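Everything numeric here is computed off the predicted structure, so don't read it as measured data. Just so you know, residue 1 is the first one in the sequence shown, and it goes up from there.
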Amino acid sequence: MRTRSLIKGDVEEAVQMLRLVGGGDLFHRSFLGAGALAIALGGAHAPAHASDAVVIKLQGRIQPACGLAIESSTGEGADLNLGDISLAGRRPFSFQYSCNAGFSVLMTSARGGLAPAASAAKPAEGFAALAEYDIALDLPTDGGGAVQLACSSRQIRDGAGACGRASSLGRSAIRKTATATLSWEGEAHDRPRLAGAYSDVLTIRMTPQM
């Protein structure tokens, strides 16, 4: 069989023949089959770095947080009516809290005790202007144990003292119930109090620690 040299134009013609005809004589079939195979292999080669798996690293984060809730009409706080504070008494209360990390606790009293309204006249000499109280707080934590605090209202005024501060030492507390008890002494005979409304603002703050 007579053969001839193939130049660029011949190869292009051969490829066109393969695409359009797909047949021909023995020479064409042999050459074009090999040429088609070469072209197919050239198009199917994978990059040298190809793999049969893709590894994707996923990352996320949960921010440390604490939340507290106590039953009230406003959803932000609660009013506790202590009744007649001229008589000794106790008033327990509870609230729900959750910390997804270790946390610190801070208790503060705005006035250092139950005091008359700011607009009330200053008590005369010999009368008590403040009715102090004590608070005991118990905060259970995950894995057992609890954070416990016991302070007088004077000790936690404006958060200045160390008594109202504590740490859970890294223990979280998920969906727990805190219990607390307020207690106060009755009116002292040598230091009576004037009639009227007495109030204070007690704040319990929990802050996550990482």
> Do any N or O atoms from the side chain of D200 and from the backbone of R111 form a donor-acceptor pair under 3.5 angstrom?
yes

> Output yes when a side-chain donor or acceptor of S98 lies under 3.5 Å from a complementary backbone atom of R175, and no otherwise.
yes

> Would F103 and V147 satisfy side chain to side chain contact (heavy atoms under 4.5 Å, CB included), going step by step from the backbone distance to the final call?
CA-CA 10 Å; F103 59 92; V147 177; 4.3 Å; yes

> Check the pair I135, T181 against side chain to side chain contact (heavy atoms under 4.5 Å, CB included), reporting the backbone distance first and the verdict last.
CA-CA 6 Å; I135 178 169; T181 301; over 6 Å; no

> Would the distance check show the side chain of Q96 and the main-chain N or O of I70 forming a donor-acceptor pair, the cut-off being under 3.5 Å?
no

> Do side-chain atoms of S51 reach the backbone of V54 as a donor and acceptor pair under 3.5 angstrom?
no

> Report yes if some heavy atom in the side chain of M206 is under 4.5 Å from a heavy atom in the side chain of C99; otherwise report no.
yes

> If I take atom CG from residue L82 and atom OG from residue S183, how far apart are they, to the nearest 0.5 angstrom?
10.5 Å

> Between atom CE of M210 and atom CD of Q63, what is the distance when rounded to the nearest 0.5 Å?
8.5 Å

> So L139 and F95, do their side chains get closer than 4.5 Å, heavy atoms only?
yes

> Nearest 0.5 Å, please: how far is OG in S104 from CZ in R205?
10.0 Å

> Compare all side-chain heavy atoms of D138 with those of L149 and state whether any distance is below 4.5 angstrom.
no

> Donor-acceptor check, side chain of S153 to backbone of D134, threshold 3.5 angstrom: yes or no?
no

> Kindly compute the distance separating OG (S152) from CZ (R157), expressed to the nearest 0.5 Å.
12.0 Å

> Going through the checks in order, is the side chain to side chain contact (heavy atoms under 4.5 Å, CB included) test met by I62 and N100?
CA-CA 9 Å; I62 296 177; N100 62 2; 3.7 Å; yes

> Once rounded to the nearest 0.5 Å, what's the spacing between atom CG of L202 and atom CD1 of I156?
5.5 Å

> Taking the side chain as every heavy atom from C-beta outward, state whether M107 and L137 have any pair of such atoms under 4.5 Å apart.
yes

> Can you check side chain to side chain contact (heavy atoms under 4.5 Å, CB included) on L80 and L182, steps first, answer last?
CA-CA 10 Å; L80 298 181; L182 296 170; 4.2 Å; yes

> Restricting to salt bridge (Lys or Arg N to Asp or Glu O under 4.0 Å), what partner residues turn up for D142, sequence neighbours left out?
K176

> Residues in side chain to side chain contact (heavy atoms under 4.5 Å, CB included) with A69, at least two apart?
none

> Between W184 and R91, is any pair of side-chain heavy atoms under 4.5 Å apart?
yes

> Could you tell me if the side chain of S109 sits less than 4.5 Å from the side chain of Y133, heavy atoms only?
yes

> Mind listing the closest non-hydrogen atom pair of T108 and D158 along with its distance?
CG2-C, 4.2 Å

> For the atom pair CD1 (I85) and OG (S199), what is the distance rounded to the nearest 0.5 Å?
9.5 Å

> So do T141 and L169 actually touch side chain to side chain, heavy atoms under 4.5 Å?
no

